[in-house]
Trainee: 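Supplied in structure tokens, the structure appears directly below.
Ligands are counted one by one from 1 in listed order, and the atoms in each one are counted from 1 as well. Only a predicted model underlies this, so the values are computations on that prediction, with no experimental measurement involved. Numbers for residues simply follow the sequence, beginning at 1. Just so you know, these numbers use all the heavy atoms, side chains as well, and skip hydrogens, waters and symmetry mates.
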Amino acid sequence: MAARVGLVTRLPLCPQGRARFLGSLCRHLSHSGAAVLRREEATAVCAELDLQETTKKKTFSEMQKERREQAQRSILISCPKKIPEKKLLKHLCQHGDITNHFFFESFGLHAVIEFSKKESIASLQDASFIPRGETEFPIPFKSRFFHLNLKNPSNQTSDVQCSNQSSPLNANIIKALCNAESVENQINTLMKILQLTEENIRLRYLTCSLIEDIAAAYFPSCTIKPFGSSVNTFGKLGCDLDMFLDLDDIGKNSTTKTEGSFLMEYQVKNVPSERWATQKILGVIGECLDNFGPGCVSVQKILNARCPLVRFSHQASGFQCDLTANNRIAMKSSELLYIYGSLDSRVRALAFSVRCWARQQSLTSSIPGSWLTNFSLTIMVIFFLQKRSPPVIPSLDSLKNLADVKDKCIIDNNDCTFVSNLDRIKPSENTETVDTLLCQFFEYFGNFPFNKNSINIRKGKEQNKPDSSPIYIQNPFEISLNISRNVNESQLERFVHLARESAWILQENKGQSSKTSTEPWGLAALLLPSVPNKSKAKKAGRGQTSEAVKKLLESIKAESTKDPRATRKKTTISTQS
Ligand code: CTP
Ligand code: MG
């Protein structure tokens, strides 16, 4: 998404964006027929790409550490509608330097303020007070979530620009895709529109940090970290916020002291099992959030689930949150996905397209059920990319072979070892473009022998299916588990059918672009509420598009006849994010 303007800090263009652009250029150069530039020039571009890709990448834990530290220096403020930005900043500056800030809407106007030092927050807390309730009694909990009142609200004029935190309407996405120049451009446009913005990522870390403050009332050294799509590079605006309550660090800090003749241990309460402990801990934190958590509503304690959790809505940030504990493997799988997503720009591009396609076709849902999940789909994308010749990304076993001593990780007897340093992984020699890969993905899974083979990203090869589930995707770390165990036969059939239809549409649309098409084409055609059925579409001559689609087409045409150059300019795709 575009960086914010005005007084809001401009965010630097991310190096991956440039690398993506260069990567795409590099691949084009290596195609026959596209050798417009001389070989030396192509080599220079590829060398710059290599440099970009090898010098800038942070490990997952470095990234998490940096973001968490940034969140600990930040506060959230609920503001009145008319807020003079400059005056507010001047007021807050009395407590210390502000390094970043932005505004957003979620049940009213809110601001995120990042101070350069944590101490500034303590100073602001000292200068703030607990409000007196007129009809309700306030719980006196001093959090980093403030409420700002203006002494003379009517005199104020508002000059703030809000950062967008939600995904645009589907019709607008399709419109933007229709104006793109190629399927590859469409894929990049889709990512640009839907990927988490810098502000949204900051807000996710800040929300975890605010919840950590509350959990710390019981467990002062606990940490709460985001995992899942908020951090694995595949998150899209509006996705849930998975939180991991980590109590293990408490144990780690108390290394056994062997000096002298005494051995001191903490007196602890013993409970029947680890699961029981997790349920109880989440139970009290859930209770705390419900009773004392500012902005936490609809708190549900789902403690009997396979993975006990507390689900709640954080109104101020607008996130639907799932808090789990004792879930270290899920954190490791988030790290693994982060590695794959950061390795090659085509991984994210393909996973984004497939995830959006599946959502649009109701193959996935935010409600749990017998359908595919985004996690399963992402693993399928990874598997498909491992199977290309040459592979786009390495198998998990190859990543394990590149690991060093500090990467060694065993959780509950499961080997979760893999390399954390991205620089140690050799770039792929595969030069296929992302539009080819998208079409091939549908073709591949439209014809995959799900009845006899399982998907295994550890080996990067299909294996014999160990049981009769309709689809078997081996959990990368808990290798006896099938992550798609919930999927039933009819959901799998829908997936296969839609994959075949989509491969067919992409092949049929080959070479189409905004210049030649009058109806949604390429990726836009796949994101229409329902991919037209091939046979029906043929019979009906594609004339049976719904009213909504017709209206959309009319509005696209109307806009392009107004001023074609303006439309083109507005939607010209930049591969930088
Ligand atoms: N996870 C897992 N095994 C599963 C399901 C989930 O290890 N069977 C882990 C994965 O790391 C996943 C995370 O839990 O990324 C969060 O799960 P979920 O919220 O379902 O998936 P996300 O990847 O966050 O995708 P979404 O955007 O749909 O929330
Ligand atoms: Mg999630």
Side-chain angles (χ1 to χ4, degrees), residues 60 64 165-167 191 194-196 200-201 204-205 207-208 224-246 302 305-314 317-342 347-348 351-360 362-383 396 409 411-412 414-416 418 454-458 469 471-487:
F60 184 71
Q64 285 257 30
Q165 303 297 321
S166 53
S167 61
M191 273 214 301
L194 290 180
Q195 71 192 351
L196 301 184
N200 194 271
I201 296 172
R204 283 170 190 268
Y205 276 88
T207 306
C208 286
I224 291 186
K225 295 176 189 142
F227 72 101
S229 55
S230 300
V231 297
N232 66 17
T233 74
F234 299 102
K236 117 181 189 288
L237 286 173
C239 70
D240 69 355
L241 173 53
D242 300 295
M243 299 177 168
F244 169 58
L245 169 73
D246 195 354
I302 310 171
R306 191 182 79 86
C307 185
L309 74 141
V310 176
R311 177 165 290 166
F312 62 97
S313 200
H314 192 259
S317 62
F319 296 132
Q320 180 66 34
C321 307
D322 275 353
L323 174 68
T324 52
N326 195 14
N327 197 8
R328 305 192 77 79
I329 292 196
M331 187 57 103
K332 265 326 245 188
S333 54
S334 301
E335 177 175 358
L336 180 67
L337 261 48
Y338 170 88
I339 296 221
Y340 281 127
S342 312
V347 184
R348 281 185 73 220
F352 251 85
S353 310
V354 170
R355 285 166 78 136
C356 288
W357 164 81
R359 189 72 186 89
Q360 255 351 95
S362 306
L363 285 166
T364 53
S365 163
S366 53
I367 309 159
S370 55
W371 26 85
L372 284 160
T373 61
N374 277 329
F375 182 55
S376 298
L377 280 172
T378 312
I379 299 287
M380 288 167 88
V381 168
I382 289 171
F383 180 73
L396 175 52
C409 174
I411 303 172
D412 301 334
N414 298 299
D415 191 348
C416 303
F418 55 87
S454 68
I455 291 163
N456 183 322
I457 65 160
R458 180 162 279 281
S469 344
I471 166 169
Y472 197 105
I473 306 175
Q474 191 193 59
N475 186 310
F477 301 118
E478 292 172 282
I479 57 172
S480 61
L481 298 183
N482 172 10
I483 64 166
S484 53
R485 203 181 48 157
N486 60 314
V487 180

Trainee: Determine whether V354 and T378 satisfy the following criterion, side chain to side chain contact (heavy atoms under 4.5 Å, CB included), listing intermediate values before the conclusion.
Mentor: CA-CA 8 Å; V354 170; T378 312; over 6 Å; no
Trainee: Backbone N or O of D322 within a donor-acceptor pair of the R311 side chain at under 3.5 Å?
Mentor: no
Trainee: When rounded to the nearest 0.5 angstrom, what distance separates CZ in R328 from OG in S333?
Mentor: 12.5 Å
Trainee: Please find the pair of heavy atoms, one from I339 and one from F418, that lie closest to each other, and give the distance.
Mentor: CD1-CE1, 3.9 Å
Trainee: Output side-chain donor-acceptor pairs under 3.5 Å for residues 226-244, partner residues at least two apart or in another chain, one line each.
Mentor:
from, atom 1, to, atom 2, distance (Å)
S230, OG, R204, NH1, 2.9
N232, OD1, F234, N, 2.9
N232, ND2, G228, O, 3.4

Trainee: What's the count of protein N, O or S atoms under 2.8 Å from the Mg ion (ligand 2)?
Mentor: 2
Trainee: Run Q474 and S454 through side chain to side chain contact (heavy atoms under 4.5 Å, CB included) and show every step you take.
Mentor: CA-CA 7 Å; Q474 191 193 59; S454 68; 5.6 Å; no
Trainee: Once you restrict both partners to nitrogen or oxygen, which atoms of ligand 1 have a protein partner under 3.5 Å, and how far apart are they?
Mentor:
from, atom 1, to, atom 2, distance (Å)
ligand 1, 7 (O), S333, OG, 3.4
ligand 1, 11 (O), A330, O, 3.2
ligand 1, 11 (O), S333, OG, 2.8
ligand 1, 19 (O), D242, OD1, 3.3
ligand 1, 19 (O), D242, OD2, 3.1
ligand 1, 24 (O), S229, N, 2.9
ligand 1, 24 (O), S229, OG, 3.1
ligand 1, 24 (O), D242, OD2, 3.0
ligand 1, 25 (O), R355, NH2, 3.3
ligand 1, 27 (O), S229, OG, 2.8
ligand 1, 27 (O), R355, NH2, 3.2
ligand 1, 28 (O), N374, ND2, 2.8
ligand 1, 29 (O), D240, OD1, 2.8

Trainee: Go through it in stages, so that I can follow the logic: the residues are F375 and L337, the test is side chain to side chain contact (heavy atoms under 4.5 Å, CB included), and I'd like the CA-CA distance, side-chain angles, deciding distance and then a yes or no.
Mentor: CA-CA 9 Å; F375 182 55; L337 261 48; 4.0 Å; yes
Trainee: Just distance, no hydrogens or angles: give the donor-acceptor pairs under 3.5 Å from side chains in residues 476-485, sequence neighbours left out.
Mentor:
from, atom 1, to, atom 2, distance (Å)
N482, OD1, I473, N, 2.9
N482, OD1, S484, N, 2.9
N482, OD1, S484, OG, 2.9
N482, ND2, S469, OG, 3.4
N482, ND2, I471, O, 3.0
S484, OG, I471, O, 3.1
S484, OG, I473, N, 3.4

Trainee: Run N456 and Y472 through side chain to side chain contact (heavy atoms under 4.5 Å, CB included) and show every step you take.
Mentor: CA-CA 9 Å; N456 183 322; Y472 197 105; over 6 Å; no
